Amino acid sequence: MRVLLSPSRTPAPHVLMSADAVGGVWQYSLDLAAGLIRQGLAVTVAVLGPAPSEARIAVAQADTGACIRVTGLPLDWTAETPGAVLDAAAALARLAREIGADLVHLHSSAMALADFSVPVAAVCHSCVATWWDAVETGPLPADLAWRHDLTARGCRAADALLAPTRAHALATARVCGLARPPVVVRNGRAPRSVPQRAAAPVAFTAGRLWDRAKNATALDRLAGRLSVPLRAAGSVDGPNGARVETRHLQLLGRLDDAGIAAELAGRPVFVSLARYEPFGLAVLEAAASGCALVLSDRPGFRELWDGAAAFVGADDDAAAAKAVQALLDDPARREAAGAAAADRAARYGVEAMTEGVLGVLRGLLAGAPAQLGGAAA
């Protein structure tokens with residue numbers, strides 16, 4: 001096992017990592033924290049936004065070896081004012097000094113707008129401007145425009161930027177006016193140990209159903225066309241007041257890791273008709289479990305899954321229903337599609353993600369920020 005620096009010669013580098021428990025950033029942060037710790041680093045995870053339960057935190061600490069601290073600070077996309085975002089960034093900078101961090105790894109570039117005394121890497125998981133480009137039309141409304149301004153300024157303030165796909169890196173560079181796109185480091189997920197069951201005659205989706213980018217209305221229309229249930233894991237109510245109404249989806253509510261694993265053990269046909277998806281951890285989890293994939297024809301999905309998924313228009317529920325039903329009606333075809341997805345998913349593991357991030361962090365520790373525009377996978 002390689003380590004970043006020899007622990008016999010110097011203390012382990014300490015990384016302060018921000019995270020939130022609302023969506024995929026939580027699992028990304030835990031998987032990355034565990035990977036960095038295996039490589040000899042110490043990691044403190046600072047949770048912003050709604051706090052996870054004490055039990056969830058205890059499990060996360062036991063599984064990763066990281067120290068998890070709930071800050072009570074707002075997320076950049078739920079904060080009510082620019083000052084609230086800047087205050088949260090300043091609080092993270094103080095925390096970094098308090099714990100003696102050597103590096104800071106942020107889940108939002110806007111949080112780089114503070115007086116950090118150590119190098120800062122920021123991951124461009126998503127942003128309001130790229131979201132708006134994919135979901136809406138016209139200029140950004142005032143409430144999003146100031147958030148975008150902070151994001152763009154934070155991109156320039158960070159010592160290194162990362163993005164999970166080249167498609168999203170290029171989109172981020174375009175909307176933020178960056179001279180170079182972020183470094184591409186693919187997200188990864190650890191394989192689940194839940195035994196597979198016989199293929200279940202159902203379709204499945206998972207994500208923040210309240211987020212218009214996830215296109216739950218099209219999923220609901222699709223569900224009305226299928227001969228089997230389309231089971232949907234995720235909340236229909238968002239922390240920002242957003243809500244979606246459905247008629248045909250079989251709503252499961254928000255499931256924990258064990259609940260998602262139980263659904264995927266039956267290898268349902270996994271569907272995402274997202275209009276905006278910088279990466280899609282739910283798709284990766286489904287693919288790793290051997291689920292056949294039916295995905296919206298978005299640049300990021302094409303980049304990751306071309307040749308291992310069926311693609312349809314994001315709002316073409318008729319084509320999506322045809323693709324899902326064809327897989328359900330042909331077990332051999334469904335099995336082959338699931339195997340192809342699993343083979344592709346093996347490329348996007350936690351170790352590959354950790355190595356990609358380590359490449360950036362090593363450069364920052366050495367005082368030479370990573371050359372932007374590279375790729376880890």
Side-chain angles (χ1 to χ4, degrees), residues 1-7 9-19 24-25 27-45 64-66 96 101-109 111-112 116 118-126 154-173 176 178-191 278-279 281 284 300 303-304 344-377:
M1 179 179 69
R2 292 186 296 159
V3 296
L4 188 69
L5 295 176
S6 172
R9 297 181 180 179
T10 184
H14 191 168
V15 180
L16 174 64
M17 182 186 303
S18 70
V25 171
Q27 193 59 58
Y28 162 90
S29 300
L30 297 184
D31 284 340
L32 179 58
L36 293 176
I37 289 169
R38 285 194 296 272
Q39 292 285 345
L41 284 74
V43 179
T44 295
V45 178
T64 64
D102 300 291
L103 296 160
V104 173
H105 184 278
L106 299 172
H107 74 282
S108 163
S109 60
M111 293 295 169
F116 288 94
V118 295
V120 174
V123 185
C124 303
H125 291 291
S126 65
C155 283
R156 294 178 177 85
D159 297 293
L161 294 175
L162 296 80
T165 57
R166 179 163 177 77
H168 188 59
L170 294 174
T172 299
C176 292
L178 305 179
R180 293 176 294 180
V183 177
V184 179
V185 177
R186 308 274 189 251
N187 289 344
R189 282 291 282 119
F279 184 85
L281 280 172
L284 176 55
E303 178 182 332
L304 296 169
R344 182 66 57 83
R347 301 182 186 179
Y348 313 130
V350 170
E351 297 309 319
M353 175 178 69
T354 302
E355 282 299 319
V357 172
L358 276 174
V360 174
L361 299 186
R362 287 188 180 106
L364 293 180
L365 277 178
Q371 294 296 309
L372 303 184

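Small disclaimer: the values here were computed from a predicted structure and weren't measured.
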From His125 atom NE2 to Leu162 atom CG, the distance as rounded to the nearest 0.5 Å: 9.0 Å
Ala112 versus Val120, closest heavy-atom pair with distance: CB-CG1, 4.2 Å
Test log, rule side chain to side chain contact (heavy atoms under 4.5 Å, CB included), inputs Leu304 and Leu284: CA-CA 9 Å; Leu304 296 169; Leu284 176 55; over 6 Å; no
Note, Val350 side chain near Arg38 side chain (heavy atom, < 4.5 Å): yes
Check: Thr165 side chain, Pro278 main-chain N or O, donor-acceptor pair, under 3.5 Å: yes
Any side-chain heavy-atom pair of Leu36 and Gln39 under 4.5 Å: no
Aromatic ring pairing Tyr28/His105, orientation class (parallel under 30°, perpendicular over 60°, tilted between): parallel
Criterion side chain to side chain contact (heavy atoms under 4.5 Å, CB included) on Leu103 and Val15, from CA distance to verdict: CA-CA 5 Å; Leu103 296 160; Val15 180; 4.2 Å; yes
Which atom of Tyr348 lies closest to which atom of Asn187, heavy atoms considered: CB-O, 3.5 Å
Over all atoms of both residues, closest heavy-atom pair of Asp159 and Pro119: OD2-CA, 3.3 Å
Nearest heavy-atom neighbours spanning Ala42 and Ala12: N-CB, 4.2 Å
Test salt bridge (Lys or Arg N to Asp or Glu O under 4.0 Å) applied to Arg344 - qualifying residues, sequence neighbours left out: none
Glu303 side chain vs Ala167 backbone, donor-acceptor pair below 3.5 Å: yes
Between OG on residue Ser109 and CG on residue Leu161, distance to nearest 0.5 Å: 6.5 Å
Non-hydrogen atoms of Arg362 and Glu355 that approach each other most closely: NH1-OE1, 4.1 Å
Side chain Arg347, main chain Ala352, donor-acceptor under 3.5 Å: no
Nearest-0.5 Å distance that lies between atom CE in Met353 and atom CG in Leu358: 10.5 Å
Closest non-hydrogen atom pair, Ala169 against Pro181: O-CB, 3.8 Å
Euclidean distance, Thr354 OG1 relative to Leu361 CG, rounded to 0.5 Å: 10.0 Å
Flag, side chain of His168 to backbone of Phe279, donor-acceptor distance under 3.5 Å: no
Derivation and outcome, side chain to side chain contact (heavy atoms under 4.5 Å, CB included), residues Val123 and His107: CA-CA 5 Å; Val123 185; His107 74 282; 5.8 Å; no
Value rounded to 0.5 Å, distance of CG in Leu281 from CG in Asp31: 8.0 Å
Candidate pair Leu30 and Gln27, rule side chain to side chain contact (heavy atoms under 4.5 Å, CB included), full reasoning: CA-CA 5 Å; Leu30 297 184; Gln27 193 59 58; 4.3 Å; yes
Close side-chain approach of Val118 to Asp102, heavy-atom, < 4.5 Å: no
